[in-house]
Amino acid sequence: MSVRVRMAPSPTGYLHVGTARAALFNWLYARHHRGVFIVRIDDTDQERSTQEYEDEILASLRWLGLDWDEGAGVGGPHGSYRQSARYDRYRTAAIELVESGRAYYDERSAEELDELRKRAKSEGRHPGHYIRRPDVAADSGPIRLAIPQDERVVFDDVVRGTVSFEPQDLDDFVILRSDGSPTYHLASTVDDVDYEISHVARGEDLLPSTPKHIVLTRALGHDAPVYAHLPLLFGTDGRKLSKRHGATALNDYRSRGYLAEAVFNYLATLGWSPDADTTIFSRETAIEAFDLEDVNKAPAAFDPDKLAWMNGEYVRGLAPEDFNTAVRPHVETAMGRGLAEEEWRQFEQISSLVQERTKLFPEAGEQVVFLFSDIESYDENSWQKVMAKEGVAEILDEALRALSDLEAWTAAGLETALRSMIEKIGVGAGKALQPIRVAVTGSSVSPPLFESLAVLGRDRSLERIARAREELG
RNA sequence: GGUCCCGUCGUCCAGAGGCCUAGGACGCCGGCCUUUCAAGCCGGAAACGCCGGUUCGAAUCCGGUCGGGACUGCCA
């Protein structure tokens with residue numbers, strides 16, 4: 001059987017990391033089996049669907065590297081399409097189901113339906129227990145599918161194994177709204193049939209809907225696809241992933257400078273791994289090793305710390321020029337202005353040192369602003385820890401003396417000069433160098449000192465040391 | 001309430017009856033390196049929810065129990 005899978009986001013919000021992860025697994029499965037990956041825009045919720053969200057979701061998918069297949073026979077421009085373009089098809093399908101007796105119009109009011117649900121609940125039954133075809137046929141209102149009550153719905157879920165539902169626990173759900181628009185259940189099922197979807201891998205939240213989709217598919221005269229229900233994503237506190245846990249929109253990670261490769265890798269490790277001890281792996285490795293059967297059943301927690309670590313792994317693996325390109329906008333953001341080419345060349349002199357200690361790009365930007373703008377204020381903790389100590393004034397005086405007539409203002413020259421100063425005054429290297437670092441960079445955390453001084457230049461370096469000396473009184 | 005799903009270190013993943021005194025990763029703790037911070041290296045603490053059963057032998061199979069989650073809509 002050839003593999004044809006789809007990703008079906010609703011354009012009612014940004015692409016959630018959980019949805020992205022489901023898309024990723026579908027994509028991996030398709031690529032592993034050299035099958036087809038389709039993106040379907042489930043915009044049957046006309047109230048909340050917007051073009052803006054649709055564009056954003058597609059852009060996020062592209063950024064992650066999840067390309068969908070053109071010419072997949074779905075009629076859309078690029079192997080993606082909108083359900084809103086197919087309303088006639090869904091309506092026709094629903095009406096045919098009514099004509100064949102598989103579905104019916106339901107004129108009952110919301111109040112009547114509520115009564116039936118309440119009654120079922122009070123009897124300890126499934127709420128939909130009594131939502132069945134009324135004795136008197138109607139010819140308007142929403143269309144409901146009549147669930148055959150004579151047999152259980154059983155299916156083999158690729159990740160969960162055999163799952164079964166009793167028909168009395170399935171209500172006759174609405175497939176076509178009274179305004180003629182299809183519900184998600186109808187549109188999704190009809191599309192899976194029409195586009196010959198072989199495997200449906202989606203979030204576990206849809207597991208209770210699956211028996212309905214199977215019954216509907218059969219009513220349409222087809223065999224159901226293979227289902228795989230993926231575990232949901234949670235926060236590290238075990239609660240549902242929400243804004244409290246940080247960004248939940250994939251796009252936020254993109255705009256914060258996370259590398260797509262890192263996000264791809266991290267998302268893939270949530271519920272799956274290529275083997276016992278590989279954590280960092282390429283797309284190719286993932287494609288090679290991936291199988292839906294190996295996906296975990298249990299929900300996974302999204303851990304921002306681990307993602308940050310992984311991003312750092314990828315940042316360090318970047319070619320220097322790629323790192324420079326990626327970090328530049330973040331330096332400029334930290335600066336609050338664009339960088340002149342002259343300044344940029346200065347940065348490039350120490351960029352490899354910055355790259356080594358970068359996990360997240362915004363942090364890297366903040367670490368180098370001292371190169372291009374005056375120190376407006378010293379970092380509070382750094383000052384307390386380093387400057388508010390005995391003998392610091394003397395150390396700065398000595399540094400000024402040692403450096404003011406230094407011939408070779410290079411990292412090597414600076415190191416020689418400062419080390420002989422250290423020997424002369426007889427204090428530890430750390431104790432002597434830290435005050436200089438704070439004076440020059442404003443913080444006790446910075447790129448390596450000698451290189452920083454070299455790039456900053458003689459005048460500004462000496463100026464800053466002198467100014468810090470004055471602050472000390 | 002009802003239906004369904006899930007349950008290995010704090011977190012992610014490995015483990016498909018003996019290879020498990022449970023392995024790898026993040027995080028955490030300690031050390032080395034070192035001008036800071038990172039990186040790197042070395043070491044450490046840390047888990048099979050619980051109770052029964054099957055078996056010579058169970059993290060792995062079965063039952064129960066407890067806990068968590070999803071769904072329960074003319075949203076998806």
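What you see is a predicted model, and the numbers here were worked out from it, not measured in a lab. Note: hydrogens, waters and symmetry copies are ignored here, and every other heavy atom, side chains too, is used. Letters A, B, ... are given to chains in the order of the sequence lines, protein chains preceding strands, and every chain is numbered from 1.
- The side chain of A:Ala298 sits closest to B:rC6 out of B:rA70, B:rC6, B:rG2.
- B:rU35 is unpaired under the Watson-Crick or G-U wobble criterion, no partner having all donor-acceptor distances under 3.5 Å.
- For the P atoms, the distance from B:rU72 to B:rG27 is 38 Å, rounded to whole Å.
- For a distance-only test at 3.5 Å, the side chain of A:Lys306 qualifies as a donor-acceptor partner of the base of B:rA25.
- Base pairing annotation: B:rA46 forms no Watson-Crick or G-U wobble pair, as no partner gives both donor-acceptor distances under 3.5 Å.
- Checking B:rA39, B:rA76, B:rC12 against every side-chain atom of A:Ala301, the shortest atom distance belongs to B:rC12.
- Only the P atoms considered, B:rG49 is 11 Å distant from B:rG10, to the nearest whole Å.
- Comparing the C1' positions of B:rC26 and B:rA45 gives a spacing of 16 Å, expressed to the nearest Å.
- Interatomic distance, OG of A:Ser181 versus CD of A:Gln46, reported as 5.0 Å (0.5 Å rounding).
- The side chain of A:His126 sits closest to B:rU72 out of B:rA39, B:rA76, B:rU72.
- Of the candidates B:rU3, B:rA70, B:rU11, the closest approach to any side-chain atom of A:Asp303 belongs to B:rU11.
- Rounded to an integer number of Å, the gap from CG of A:Leu241 to P of B:rG69 is 14 Å.
- Residues A:Ile131 and A:Arg144 have side chains in contact (heavy-atom distance under 4.5 Å, counting atoms from C-beta outward).
- For the residue pair A:Asp45/A:Thr12, the side-chain donor-acceptor check at 3.5 Å is not satisfied.
- Residues A:Leu307 and A:Ala429 each lie close to RNA chain B; by heavy-atom proximity, the contact nearer the 5' end of the strand is made by A:Leu307.
- Two residues are said to be in side-chain contact when any heavy atoms from C-beta on lie closer than 4.5 Å; A:Tyr81 and A:Tyr195 meet this criterion.
- Pair check for B:rU72 finds B:rG1; Watson-Crick or G-U wobble, both atom distances under 3.5 Å.
- At the heavy-atom level, A:Pro231 lies nowhere under 4.0 Å from the strands shown.
- Looking only at atom types and distance, the side chain of A:Asn265 has no donor-acceptor partner in the side chain of A:Glu261 under 3.5 Å away.
- Taking every side-chain heavy atom of A:Ala300 into account, B:rC12 is the closest of B:rC12, B:rG2, B:rA70.
- Distances were taken from every side-chain heavy atom of A:Val163 (C-beta onward) to each of B:rC26, B:rC4, B:rU72; the shortest belongs to B:rC4.
- For the pair A:Arg144 and B:rC74, the criterion of a side-chain N or O lying under 4.0 Å from OP1 or OP2 is met.
- Proximity of A:Thr44 to the phosphate of B:rA76: a side-chain N or O atom is located under 4.0 Å from OP1 or OP2.
- For A:Arg357 and B:rC37, a side-chain-to-base donor-acceptor distance below 3.5 Å is present, hydrogens and geometry of angles not being considered.
- The same atom, C1', is picked in B:rG23 and in B:rA59; the two are 13 Å apart, to the nearest Å.
- When both pairing distances are held under 3.5 Å, B:rG7 makes a Watson-Crick or G-U pair with B:rC66.
- Note on A:Pro127: a base of the nucleic acid sits closer than 4.0 angstrom, heavy atoms only.
- Comparing B:rU36 with B:rC32, their P atoms are spaced 12 Å from each other, to the whole Å.
- One can find a donor-acceptor pair under 3.5 Å joining the base of B:rC74 and the side-chain atoms of A:Ser178.
- Nucleic acid contact for A:Phe173: none, since no nucleic acid atom lies under 4.0 Å from a heavy atom of the residue.
- The side chain of A:Asn296 contributes an N or O atom lying less than 4.0 Å from OP1 or OP2 of B:rC13.
- Among the atoms of the strands shown, only primed sugar atoms or phosphate atoms (P, OP1, OP2) are found under 4.0 Å from some heavy atom of A:Phe165.
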*Is there a salt bridge (charged side-chain N to carboxylate O under 4.0 Å, His left out) between A:Arg86 and A:Asp194 once you walk through the steps?*
CA-CA 11 Å; A:Arg86 287 168 45 79; A:Asp194 286 359; 2.8 Å; yes
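- A:Ser122 comes within 4.0 angstrom of nothing in the nucleic acid, heavy atoms only.
- Both A:Gly128 and A:His185 sit near RNA chain B, but only A:Gly128 has its closest nucleotide nearer the 5' end.
- Between A:Met310 atom CE and B:rU11 atom P there is a gap of 18 Å when expressed in whole angstrom units.
- The distance between atom CG of A:Asp294 and atom P of B:rC12, rounded to the nearest whole Å, is 18 Å.
- A:Leu449 comes within 4.0 angstrom of a base, heavy atoms only.
- Within the nucleic acid shown, A:Val174 comes within 4.0 Å of sugar-phosphate atoms alone, with no base atom in reach, counting heavy atoms only.
- Within the nucleic acid shown, A:Arg48 comes within 4.0 Å of at least one base atom, counting heavy atoms only.
- In this structure, the nucleotide among B:rC74, B:rG27, B:rC5 sitting nearest to the side chain of A:Trp309 is B:rG27.
- Listed pair A:Arg202 / B:rA76 fails the phosphate criterion, with no side-chain N or O lying under 4.0 Å from OP1 or OP2.
- A:Ser446 comes within 4.0 angstrom of a nucleotide base, judged by non-hydrogen atoms across all strands.
- Comparing B:rC74, B:rC26, B:rG7 against the side chain of A:Lys297 picks out B:rG7 as the nearest.
- Residue-level contact check: A:Lys431 touches neither bases nor backbone, having no heavy atom under 4.0 Å from any strand.
- No side-chain heavy atom of A:Tyr266 sits less than 4.5 Å from a side-chain heavy atom of A:Trp309.
- Atom CD of A:Glu363 and atom P of B:rU36 are 19 Å apart (whole Å).
- Residues A:Phe450 and A:Arg419 meet the side-chain proximity criterion, which asks for heavy atoms closer than 4.5 Å.
- Note on A:Thr269: only backbone sugar-phosphate atoms sit closer than 4.0 angstrom, heavy atoms only; bases stay farther off.
- In the set B:rA76, B:rA25, B:rU72, the nucleotide with an atom closest to the side chain of A:Thr279 is B:rA25.
- Ionic pairing of A:Arg133 and A:Asp172 is not present here: no N-O contact between side-chain nitrogen and carboxylate oxygen is shorter than 4.0 angstrom.
- At a threshold of 4.0 angstrom between heavy atoms, the contacts of A:Gly428 with the nucleic acid are absent.
- Listed nucleotides B:rG40, B:rC71, B:rG73 differ in distance to A:Glu313; the shortest reach to its side chain belongs to B:rG40.
- Using a 4.0 Å heavy-atom cutoff across all strands shown, A:Leu176 reaches no nucleic acid atom at all.
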